[in-house]
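To keep things clear, I will list the structure first and then write my remarks on it.
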Amino acid sequence: MYVIHNGNIITENEILEGFAVVVEGEFIQDIIPQEDVMRFPEANRIDAGGGLISPGFIDIHSDYIETIASPRPSCMMDFDISLREAEKVLISHGITTMFHSLSFYGEDVFTQKTMHHPNNIQRMIDAIHSTHGNLHLIRHRLHARFEIDNMDGVASLVRNIEDDKVHLLSFMDHTPGQGQYRNLEVYRETLKGYRDLSDSDINVLIAERQTTESLTTENMKEIAEIATEKGIAIASHDDDNVQKLELVKTFGTTISEFPITLEVAKRAKELGLHTIAGAPNVLLGGSHSGNLSATEAIDHGCIDILCSDYYPAGLLHAVFALHEQYGNDLHQMFMMVTLNPAKAVRIDDELGSIKIGKKADLLIIEKMDDGYPMLTTTIVNGMLTTKTNYRTN
């Protein structure tokens with residue numbers, strides 16, 4: 001049993017002062033007035049140092065594991081080691097539930113990276129699944145990002161869904177000239193990052209991609225129905241027009257990842273979709289692809305979830321940047337990395353907030369004198385997992 005006291009508790013509705021959190025076993029047992037802490041003499045007391053007591057962060061879109069497993073395009077590390085080393089980093093940034101975003105690409109320039117080969121993707125899926133029954137620090141889940149021109153990969157995707165190895169499904173379309181790559185120059189620069197290509201080579205690849213066979217709407221509906229029957233949320237990726245939003249909604253999509261424009265983000269919210277932006281977008285002051293600014297979209301109330309995308313440290317720092325630099329409500333910003341993503345992927349009955357009866361995933365966040373946020377304590381599933389002590393000498 002733990003009693004976490006002397007901190008401000010981020011609950012579902014407010015930042016609560018003068019109270020303490022009681023944890024027993026895996027669950028939050030109670031939230032009590034600070035003066036009642038001594039009612040639990042047998043408990044281990046954790047002093048929050050006047051900081052914030054937050055739910056653990058839930059990251060539903062991050063391809064960080066690809067960087068750890070394949071630190072160079074042609075290098076491949078042991079996948080079990082990669083997951084164990086990655087979770088040490090993730091937990092140090094407050095991420096207690098990670099939806100590892102693996103890309104199911106067909107054979108194209110993007111699969112020149114060894115990690116993107118279908119056999120390696122399957123190996124990583126199996127490694128993520130095996131963590132559930134082994135010793136681990138955080139919850140590892142799979143976000144299957146399926147490229148719609150990967151016709152040969154459909155059977156593999158469906159098999160993994162049916163085997164309960166997929167926890168979030170998104171349909172991606174990286175065809176040049178639309179979506180994330182509506183600006184062809186951005187696409188050209190991306191290709192050069194994968195391979196040493198001449199301009200004429202790139203022109204050929206663009207023409208090939210623009211005429212490649214892709215899943216039909218009916219195909220996507222069929223796959224989405226299989227996932228929905230398993231309780232898996234469906235996401236659309238890089239929505240660049242309102243017509244696409246209205247189409248994907250017809251087959252059960254409830255999440256719009258990285259809407260390309262403010263107009264699309266606003267329409268997504270009108271349609272009742274959860275909307276996601278990347279925390280790096282906040283820290284960089286805009287999209288690295290020249291698309292929607294996360295801070296602008298948040299200011300207009302049409303983004304409600306932040307993900308780390310490719311930079312795990314981004315969640316914690318984006319929350320405080322949005323509050324301190326852009327004047328957003330701190331409580332609402334914390335909801336964007338805790339309760340809101342939990343709702344989007346349908347795990348909010350157990351996770352995402354500090355509430356009696358929920359799983360005890362808790363963080364203590366203090367501040368250095370210069371305002372730098374320090375994550376000093378992490379509890380996952382009721383277990384004290386990390387304790388970090390900063391020093392001055």
Side-chain angles (χ1 to χ4, degrees), residues 2 4 7 10 21 23 46-71 77-101 124 127-128 131 134-141 143 278-280 282-284 305-324 333-334 336-338 341-342 351-352 354 359-392:
Y2 296 101
I4 308 170
I10 300 171
V21 180
V23 174
I46 299 176
D47 189 337
L52 293 167
I53 304 169
S54 167
F57 297 162
I58 298 170
D59 192 353
I60 64 175
H61 185 113
S62 173
D63 54 17
Y64 177 69
I65 189 60
E66 291 188 4
T67 304
I68 300 300
S70 183
M77 300 300 178
D78 180 272
F79 285 2
D80 292 323
I81 291 175
S82 298
L83 282 166
R84 292 180 188 277
E85 294 305 320
E87 69 178 354
K88 293 179 189 176
V89 176
L90 297 172
I91 202 168
S92 74
H93 297 306
I95 298 168
T96 56
T97 301
M98 169 57 86
F99 283 69
H100 298 287
S101 304
M124 180 59 80
I128 291 169
T131 63
N134 299 326
L135 289 172
H136 53 285
L137 292 173
I138 68 171
R139 291 180 186 80
H140 297 275
R141 300 292 183 262
H143 173 179
V282 173
L283 299 178
L284 293 171
I305 296 169
L306 288 176
C307 67
S308 72
D309 199 0
Y310 53 86
Y311 186 56
L315 291 183
L316 177 62
H317 294 288
V319 164
F320 282 98
L322 285 164
H323 171 59
E324 295 169 355
M333 297 305 98
F334 267 97
M336 296 179 74
V337 295
T338 56
L351 300 170
I354 299 176
K359 294 277 191 177
D361 283 14
L362 302 166
L363 313 174
I364 294 177
I365 303 165
E366 302 177 54
K367 286 287 199 78
M368 290 185 177
D369 291 340
D370 63 0
Y372 185 90
M374 302 179 292
L375 178 57
T376 56
T377 303
T378 308
I379 292 175
V380 183
N381 222 41
M383 179 179 291
L384 179 60
T385 308
T386 63
K387 183 75 176 171
T388 304
N389 295 301
Y390 286 80
R391 62 188 183 88
T392 57

Return yes if some donor-acceptor pair links the side-chain N/O of [X] with the main-chain N/O of [Y] below 3.5 Å, else return no.
{"X": "Asn381", "Y": "Met383", "value": "no"}
{"X": "His93", "Y": "Pro312", "value": "no"}
{"X": "Asp309", "Y": "Ser62", "value": "no"}
{"X": "His143", "Y": "Ile60", "value": "yes"}

Interatomic spacing from [atom1] in [X] to [atom2] in [Y] - rounded to 0.5 Å:
{"X": "His140", "Y": "Met124", "atom1": "NE2", "atom2": "CE", "result": "10.5 Å"}
{"X": "Thr376", "Y": "Glu366", "atom1": "OG1", "atom2": "CD", "result": "4.0 Å"}
{"X": "Asp361", "Y": "Thr97", "atom1": "CG", "atom2": "OG1", "result": "5.5 Å"}
{"X": "Met336", "Y": "Cys307", "atom1": "CE", "atom2": "SG", "result": "10.0 Å"}
{"X": "His317", "Y": "Leu283", "atom1": "NE2", "atom2": "CG", "result": "8.0 Å"}
{"X": "Ile65", "Y": "Phe79", "atom1": "CD1", "atom2": "CZ", "result": "8.5 Å"}

A side-chain contact here means heavy atoms from C-beta on lying under 4.5 Å apart; do [X] and [Y] qualify?
{"X": "Thr386", "Y": "Lys88", "value": "no"}
{"X": "Ile379", "Y": "Ile46", "value": "yes"}
{"X": "Ile10", "Y": "Thr338", "value": "no"}
{"X": "Tyr311", "Y": "Leu284", "value": "no"}
{"X": "Leu83", "Y": "Ile128", "value": "yes"}
{"X": "Lys387", "Y": "Thr377", "value": "yes"}
{"X": "Leu351", "Y": "Arg139", "value": "yes"}
{"X": "Val380", "Y": "Leu137", "value": "no"}

Which of these, Ile53, Thr96, Ile91, Ile95, sits in a side chain to side chain contact (heavy atoms under 4.5 Å, CB included) with Leu363?
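Going through Ile53, Thr96, Ile91, Ile95 one by one, the side chain to side chain contact (heavy atoms under 4.5 Å, CB included) with Leu363 is satisfied by Thr96 alone.
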
Sole candidate of Leu315, Leu90, Leu316 that passes side chain to side chain contact (heavy atoms under 4.5 Å, CB included) when paired with Ser308
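Considering Leu315, Leu90, Leu316, a side chain to side chain contact (heavy atoms under 4.5 Å, CB included) with Ser308 is found only for Leu315.
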
Let me see the working for Phe320 and Lys367 under side-chain contact (heavy atoms from CB on, under 4.5 Å), right down to the final yes or no.
CA-CA 11 Å; Phe320 282 98; Lys367 286 287 199 78; 3.4 Å; yes

Salt bridge (Lys or Arg N to Asp or Glu O under 4.0 Å) partners of residues 59-70, not counting sequence neighbours, each pair once:
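Output for this query is empty, none listed.
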
Which atom names give the shortest non-hydrogen contact between [X] and [Y], and what distance separates them?
{"X": "Ile68", "Y": "Ala86", "value": "CG1-CB, 4.2 Å"}
{"X": "Asn134", "Y": "Arg84", "value": "CB-NH2, 4.4 Å"}
{"X": "Ser82", "Y": "Ala69", "value": "OG-CA, 3.4 Å"}
{"X": "Gly94", "Y": "Leu375", "value": "N-CD2, 3.1 Å"}

Counting only heavy atoms from other residues, nucleotides and ligands, does the tally under 6.0 Å from CG of Asp370 exceed 12?
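Counting other residues, nucleotides and ligands, CG of Asp370 exceeds 12 neighbours.
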
Tyr64 and His100 aromatic centres sub-6.0 Å
no

